[in-house]
Amino acid sequence: MTVVKSTLPEPARRVAGEALQSTLVDLLGLSLIGKQAHWNIVGPRFRSIHLQLDEVVSVTRAFSDTVAERSAALGLPPDGRPETIAATYTLPGPKEGWVRDNEVVQLVVDSLAAAIERLRARITATAEPDPVTQDLLIGITSELEKQRWMFDAENWPRDE
């Protein structure tokens with residue numbers, strides 16, 4: 001049942017809806033990873049990374065709301081239920097218990113990089129069917145790339 005009528009033709013709406021739903025799952029998952037790491041980080045850089053994680057959580061939560069509202073505007077009910085996130089989230093996540101500061105940084109870098117890669121594929125997929133959704137995804141990608149860069153700089157120089 002469609003409660004909200006979309007201005008998009010059905011095939012375009014379907015492509016945009018799939019991109020938005022998978023982005024919603026990634027963003028909600030990233031916010032959960034950020035909070036889990038925020039609560040369990042230990043090490044000499046605890047305070048700075050603890051605060052930086054809140055930035056990622058804030059950004060991903062705000063974008064998840066924007067993505068969900070775009071989906072609703074297209075007549076597609078967003079699904080951010082815990083069971084949906086648990087069943088469909090595939091980005092890297094933290095281990096259980098305390099996590100060293102350098103491991104937290106690498107986890108966030110890896111998780112954001114994976115999310116960005118997926119977003120770039122969605123940007124390509126939505127270019128023709130829905131440039132409005134594509135524009136939203138481009139903005140999200142830009143901010144997540146900035147967050148990834150800021151975390152990546154935390155572990156430099158690397159012990160390689």
Side-chain angles (χ1 to χ4, degrees), residues 1-38 49 52-95 102-156 158 160:
M1 169 174 98
T2 301
V3 175
V4 177
K5 293 288 185 188
S6 174
T7 57
L8 288 178
E10 186 54 34
R13 190 173 84 104
R14 191 171 25 259
V15 169
E18 289 171 8
L20 290 165
Q21 180 59 40
S22 55
T23 299
L24 179 62
V25 168
D26 285 354
L27 290 169
L28 291 172
L30 285 168
S31 75
L32 293 171
I33 285 172
K35 269 304 177 188
Q36 182 68 21
H38 172 90
I49 296 170
Q52 195 174 355
L53 286 163
D54 273 343
E55 240 182 87
V56 170
V57 170
S58 179
V59 163
T60 54
R61 285 182 178 169
F63 277 134
S64 68
D65 191 52
T66 303
V67 165
E69 289 175 354
R70 174 70 185 152
S71 183
L74 295 178
L76 301 161
D79 188 355
R81 296 172 301 151
E83 57 270 26
T84 300
I85 306 308
T88 58
Y89 186 79
T90 60
L91 300 176
K95 65 181 184 182
N102 62 325
E103 293 173 7
V104 166
V105 168
Q106 194 58 55
L107 167 67
V108 173
V109 167
D110 293 345
S111 296
L112 287 170
I116 290 162
E117 182 179 336
R118 292 166 54 115
L119 275 162
R120 287 190 169 277
R122 294 176 199 133
I123 288 167
T124 300
T126 56
E128 178 67 29
D130 186 16
V132 175
T133 294
Q134 181 197 42
D135 184 58
L136 173 61
L137 299 177
I138 289 169
I140 293 168
T141 303
S142 175
E143 179 61 32
L144 294 187
E145 285 179 338
K146 180 180 108 179
Q147 293 294 328
R148 193 210 60 78
W149 155 63
M150 293 171 80
F151 271 91
D152 200 29
E154 287 280 349
N155 274 351
W156 191 89
R158 288 183 175 64
E160 295 178 34

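A 4.5 Å side-chain heavy-atom check between Thr84 and Leu28 finds every atom pair outside the cut-off. No side-chain heavy atom of Leu76 sits under 4.5 Å from any side-chain heavy atom of Gln21. Within the 4.5 Å cutoff, side-chain heavy atoms of Ser111 are placed close to those of Leu30. Side-chain contact check for Thr133 versus Leu74: some heavy-atom pair is nearer than 4.5 Å. No side-chain heavy atom of Leu112 sits less than 4.5 Å from a side-chain heavy atom of Asp152. The shortest distance between side-chain heavy atoms of Thr90 and Arg118 falls below 4.5 Å. No side-chain heavy atom of Leu107 sits under 4.5 Å from any side-chain heavy atom of Glu103.
For the residue pair Leu20 and Arg70, the shortest heavy atom distance occurs at CD1-CG, 3.7 Å. Nearest heavy atoms, Pro77 versus Ser71: C-OG, 4.4 Å. Taking every heavy atom of both residues into account, Ala37 and Val104 meet most closely at CB-CG1, 3.8 Å. Of all heavy-atom pairs spanning Ile33 and Pro92, the tightest one is CD1-O, 2.9 Å. Closest of all the heavy-atom pairs between Ala19 and Thr126 is CB-CG2, 3.7 Å. Here the closest non-hydrogen pair linking Gly80 and Leu24 is N-CD2, 4.2 Å.
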Discussion item. Is there a side chain to side chain contact (heavy atoms under 4.5 Å, CB included) between Ile49 and Glu154? Walk through the geometry before answering.
Written reply: CA-CA 9 Å; Ile49 296 170; Glu154 287 280 349; 4.2 Å; yes
Worksheet entry | side chain to side chain contact (heavy atoms under 4.5 Å, CB included) evaluation trace for Leu32 with Tyr89 | CA-CA 11 Å; Leu32 293 171; Tyr89 186 79; over 6 Å; no
Item to complete: Mind running side chain to side chain contact (heavy atoms under 4.5 Å, CB included) on Phe151 and Leu53 for me, showing each step along the way?
Response: CA-CA 9 Å; Phe151 271 91; Leu53 286 163; 3.9 Å; yes
Worksheet item: Would Ile140 and Thr66 count as a side chain to side chain contact (heavy atoms under 4.5 Å, CB included) if you check the C-alpha gap in whole Å, the side-chain angles of each, and the deciding distance to 0.1 Å?
Response: CA-CA 10 Å; Ile140 293 168; Thr66 303; over 6 Å; no
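To the nearest 0.5 Å, the span separating CD on Glu143 from CD on Gln147 amounts to 5.0 Å. Residue Leu144 holds its CG atom at 8.0 Å from OG1 of Thr60, rounded to the nearest 0.5 Å.
Side chain of Arg61 to main chain of Ser31: no donor-acceptor pair is present (N/O by atom type, distance under 3.5 Å, no hydrogens or angles). In terms of modelled atom types and a separation under 3.5 Å, the side chain of Asn155 and the main chain of Asn102 share a donor-acceptor contact.
A side-chain contact (heavy atoms from CB on, under 4.5 Å) with Gln134 is found for one member of Leu137, Val132, Asp130, Ile138 and no other, namely Ile138.
Salt bridge Glu145/Arg148: absent, no basic N to carboxylate O contact under 4.0 Å. Ion pairing between Glu10 and Arg14 holds under the 4.0 Å rule for side-chain N and carboxylate O.
Side chain to side chain, Thr141 and Arg120 fail the donor-acceptor criterion of an N or O pair below 3.5 Å. Using modelled atom types, one finds a donor on one side chain and an acceptor on the other under 3.5 Å when comparing Arg122 with Thr23.
For Glu117, the CD atom is loosely surrounded, since the number of other residues' heavy atoms within 6.0 Å does not exceed 12. The local environment of CD in Glu83 is crowded, with over 12 non-hydrogen atoms from other residues, nucleotides or ligands closer than 6.0 Å.
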